[in-house]
Each structure stands twice: as structure tokens, then as C-alpha cells.
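Here the structure is laid out as C-alpha cells; the discussion comes afterwards.
Order of appearance sets the numbers: ligands from 1, and atoms from 1 within every ligand.
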Amino acid sequence: METIVIVGGGAGGLELATRLGNTLGACKRARVLLVDRWPGHFWKPLLHTVASGKCDPQVTELSFSAQALDHDFEFVQGDMLCMDRAHQTITLSPRDGGDGACRVIAYDKLVLALGSVTNFFGVPGAEQHALTLDSVADAEAFRRRFFDTCIRASEQKAPVNVVIVGGGATGVELAAELSNTARTLAAYRVHDLDPEQDIRITVIERGEHLLPQLEPLQAQRAARHLRSLGIKVLTSTRVAGVDADAVTDTDGQRHAADLTLWAAGVEAPQLCATLGLGVNHLRKIMVDSSLRSANDSRIYALGDCANYICPIKGAAPPRAQVAHQQAMFLADLLARRDDTPRPEFRYHDYGSLVSLGQHAAVGALTGPVSGKRYRVGGAAARVLYQMMYQKHLLQLHGTLPMLTHTLADWLRARVLPPVRLHR
Ligand SMILES: Cc1cc2nc3c(=O)[nH]c(=O)nc-3n(C[C@H](O)[C@H](O)[C@H](O)COP(=O)(O)OP(=O)(O)OC[C@H]3O[C@@H](n4cnc5c(N)ncnc54)[C@H](O)[C@@H]3O)c2cc1C
């Protein structure tokens, strides 16, 4: 029986493992094995809600072992360290990260779905002093730092300065949520700061507008919304360096920062550049139209770590909708016999939605037939934004469990405080 190993159980990898488990694993046509360094899956686009304390990842996280049991695949927790292409094996870190022996796993086909990491663009001090949103652990670290800083500042009657570098979706979504969290913590008397005056959030973007994936009109709408929440928005501003207590721009202006979050871009993990596969300048693995590595026909890559160039639209962006579409494509391709014609992947851009807090979102949707872009905003866009996550749940669980999860989330939101009130 063929062994298909998928490394990375993120937005794309877990959907692929689930689909292949259902189709190939269930009828023993292949052994499907998922590897991830964490025990559970958290949908990355919601990380800003963990960082702002709105979402408790322990409640939302999906156990890989449970998903594996329900969908006929196997799960192995471990950090992929290297690969031996000649012997078709990958090497994983010792069990539980201990001193034991590394583990070797053999594959017939390997799918790399390793995601991305923060790109600091070599800005001095950024890696040492700025926090990131690459994982649940990062988001939790940010939440604790924000909470502690608010409490300390409250005791010292000092303001809190938060600087978010990068006005893309991550930076904008976090800024809006954080402003809401500051108000909620004040309402619950967790701190005595005035959320309008004393908690100062600044978003720094080097481009002319926030949200470069949207039209300028929509980006201006997002900027207006952030400003209405008291958030300072600086565009056309390049960061030159980051210190422990400030961010300095290329004009020499210092922006006080008790906390700096770096969300200015992503690149593929370092591991991708060490595997002997062709990679681009962001270490993304070069793949052909079947998402196969240009160097090895047994290896595929998807999502943020893959460099797929669409003949019409150019390089696919690092987005969950790309990872999802590529996962569905590979689920179909890997279920086919090797001697059948290989389909070609085509990326469809269905648009982009950015959350602006609890009640608003902004973005544009692409009509499936006409290809026309429709601007959306406000509460209706927020509902559509929320549906992106329901769609992911639908892929992982099916209709009834997805509806049950949604109902459970809704009920929790009715009975629990809107943000976590403790460290
Ligand atoms: C705050 C935020 C908001 C976002 N908002 C949106 C949005 O609104 N819309 C949108 O389309 N996209 C959004 N994105 C981007 C989106 O989350 C990513 O494009 C998507 O998650 C990529 O999916 P993936 O499967 O390639 O990788 P990921 O979802 O990042 O998963 C990678 C997995 O690989 C595992 N892994 C990595 N290295 C190893 C290793 N060596 N060994 C074992 N396991 C490993 C990781 O633990 C992880 O589980 C957002 C991202 C962030 C951070």
C-alpha cells in the first residue's frame, strides 16, 4: 500500500489529510500520514483574535489525533528536520522534543504544507525586539505581554504604546481587535487606563495605502474605520530599526513602543531552503502546474511554502483560499492512478475580506462567472468574513458538525465575557 506523507497540518495540509483519509485511507487504498510539530490545528487567519484575547485557542483548537481517528489517517507529532530524497524518507525530531533518537518516516509521495514565517526583511532589531503572529504560541505571547503591559501601566499611571508594523490584513485586523480589547478590559476594570487616551495603537505601513490587496477606495475606508477607533495610521512610512522601546522610521522619527508586532510580510520556513529542492527568493518551493516540485516528481508542495505561478494571474498569494484550493486539487490528483492524465491547477481569486473588529469588515468579492469585483463593507461583509471559517470547518467536519461548532461558538459568546480577563 502506498504511503502518502503530508507535513504541516495548517489551512491546506489538514484539509488534504482529511480528504485523502476519507477517500484513500478509509478503503485502505493508501496509508495517509500527517506530521505537524503541534498537537492541534488552529486556523491561522484567526490568530489575531487569540492575540487580542477574544478567542481561547484551547477551546477552538482541533486535536490532530481526534481528526485522524475520525477520518482514517494517521498523525505523528514532530518537527520535520530534514529529508533523504534518495531513500524517500523524512527525519523528525525526537518524541516530545526530548533527547531520544530522531524518527525516520518513509514515503512514496510527500506533500510539503509547511506554511510561512515572518519576514523581517533584515531590518535591524526587528527579529530581537518585535513579536510575531506565526503560531498560537506567538499569539498567546502577544496577549500576555499586552495584558501585563496594561496592568503595569495602570499601576504607574502611564500610557501603553503598541506599534504594529505592516498594514496588511494581519496588522489591520489585530489593530481593530486590540482597540476593542482595550475598551473591554477597561469596562471590566482589569486596568484603570482610559482606552481612548492611554492605549495608543499605531499601524505603520510603507505603501501608500493600507491593505495592498484591496482597491485604494476600500483601503481608505479601512483606514477611516481604524482612525475612528482612535488608532493612528501612518502610510508611506518605512521602518529603519526596532529597539526594546521604540520603532524608528527612515525619516528618523521615533515611535514609542512598549510592544511591537511585526506583520510586514512572510517567507517560507528556513527548512525549505535545505531540502535540495528548487526554491525562489522567499525560499518557496518551485512547483509545476500539478503542484509537483520541479526537482522531484514524488514531492508536492502547497499553500504558503509553494511557489505556484498561475499563467494568467501570476504568483499565487500566501492566502488561506490558495492553500484550500490547492489542497482540494491535490486530494483529487493523489487519488488518481499515476498513469491517468494529470490535471493542471488553476487558482481562482474569489476576493478578499478583512475584519475591522466585531461588527465590520471590508473587501471585494469576485463574481464566479463574470469575474467582476464587487466591493463589500460593514456588517454584511463581517458576516461573509465569518463564513470563511465556517467553510474551513465544513471541509474538516462536514455539514452537521460544522453547524454544531458554529452554534457552540455562538452560545459561548452569549455567556462568556467578550475577551479573556485573566493572564
Ligand atoms: C493573522 C493572520 C490573518 C490572516 N488572514 C487571512 C485572511 O483573512 N484570508 C486569507 O486567505 N488568508 C489569511 N491569512 C493567511 C493564511 O493564514 C495562510 O495563507 C494559510 O494559513 C496558509 O496555509 P498553509 O496550509 O500553507 O500553512 P499554515 O496554515 O501556516 O500551516 C503550516 C503548518 O505547518 C506546520 N509546520 C511548519 N513547519 C513544520 C515542520 N518543520 N515540521 C512539522 N510541522 C511544521 C505548522 O505547525 C502549521 O501547522 C492570515 C494569516 C495571519 C497570520
Side-chain angles (χ1 to χ4, degrees), residues 5-17 34-52 55 61-62 64 75-83 90-93 97 103 105 111-118 132-139 142 164 166 168-177 211 213-214 261-263 265-266 268-272 274-275 284-285 291 301-306 308 316-327 330 347 349-356 361-363 381 384-389 391-392:
V5 175
I6 301 156
V7 188
L14 185 58
E15 288 189 6
L16 176 62
L34 175 70
V35 173
D36 199 287
R37 55 162 63 113
W38 302 106
H41 163 82
F42 187 88
W43 199 54
K44 217 174 164 183
L46 291 182
L47 277 182
H48 64 284
T49 63
V50 175
S52 64
C55 165
E61 213 166 51
L62 169 65
F64 284 124
F75 170 64
V76 180
Q77 188 182 348
D79 213 321
M80 176 177 163
L81 302 176
C82 57
M83 172 169 86
I90 59 167
T91 303
L92 302 189
S93 56
R103 294 159 292 167
I105 292 181
V111 181
L112 297 170
L114 299 163
S116 55
V117 293
T118 298
T132 56
L133 275 195
D134 285 341
S135 63
V136 170
D138 290 350
F142 181 92
I164 298 172
T170 305
V172 168
E173 290 182 342
L174 179 65
E177 284 296 346
L211 303 169
Q213 75 271 33
L214 299 184
L261 184 102
W262 192 269
V266 293
Q270 186 62 41
L271 176 68
C272 293
T274 66
L275 301 175
K284 287 174 160 224
I285 299 162
L291 305 182
L302 68 79
D304 286 6
C305 75
Y308 165 74
R319 301 243 291 273
Q321 63 166 315
V322 175
H324 159 72
Q325 289 177 32
Q326 294 184 334
L330 281 182
Y347 165 55
D349 184 355
Y350 292 111
S352 190
L353 289 165
V354 177
S355 163
L356 298 175
V362 69
L384 292 170
Y385 173 87
Q386 187 64 29
M387 280 167 63
M388 295 194 311
Y389 180 53
K391 195 173 163 204
H392 178 61

Go through ligand 1 atom by atom and flag the ones less than 4.0 Å from a non-hydrogen atom of [X].
| X | answer |
| --- | --- |
| Gly303 | 26 (O) |
| Pro318 | 15 (C), 19 (O) |
| Gln321 | 11 (O) |
| Leu133 | 53 (C) |
| Gly12 | 25 (O) |
| Gly78 | 42 (N), 43 (C) |

Inset, instruction - State whether the shortest distance between N or O atoms of Ser116 and N or O atoms of ligand 1 falls below 3.5 angstrom. - result: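 Looking only at distances, the answer is no, because the N/O contact criterion of under 3.5 Å is not met.
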Legend entry - Shortest non-hydrogen separation from Asp36 to Phe75 and the atoms involved: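 Nearest heavy atoms, Asp36 then Phe75: N-CE1, 3.6 Å.
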Inset, instruction - Search all heavy atoms of Leu133 against all heavy atoms of Leu47 and return the closest pair with its distance. - result: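 In terms of heavy atoms, the two residues are closest at O-CD1, 3.4 Å.
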Non-hydrogen side-chain atoms of [X] and [Y] separated by less than 4.5 Å:
| X | Y | answer |
| --- | --- | --- |
| Leu302 | Glu15 | no |
| Asp349 | Gln321 | yes |
| Cys272 | Leu114 | yes |

Inset, instruction - For Ala113 and ligand 1, answer yes if some heavy atom of the residue is under 4.0 Å from a ligand atom, otherwise no. - result: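 Per 4.0 Å heavy-atom rule, Ala113 contacts ligand 1.
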Legend entry - His41 to ligand 1, any heavy atom closer than 4.0 Å: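 For ligand 1, residue contact (heavy atoms, under 4.0 Å) with His41 is absent.
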Legend entry - Protein contact to atom 41 (N) of ligand 1 [nearest heavy atom, distance to 0.1 Å]: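 The closest heavy atom on the protein side is Asp79 OD1, 3.0 Å.
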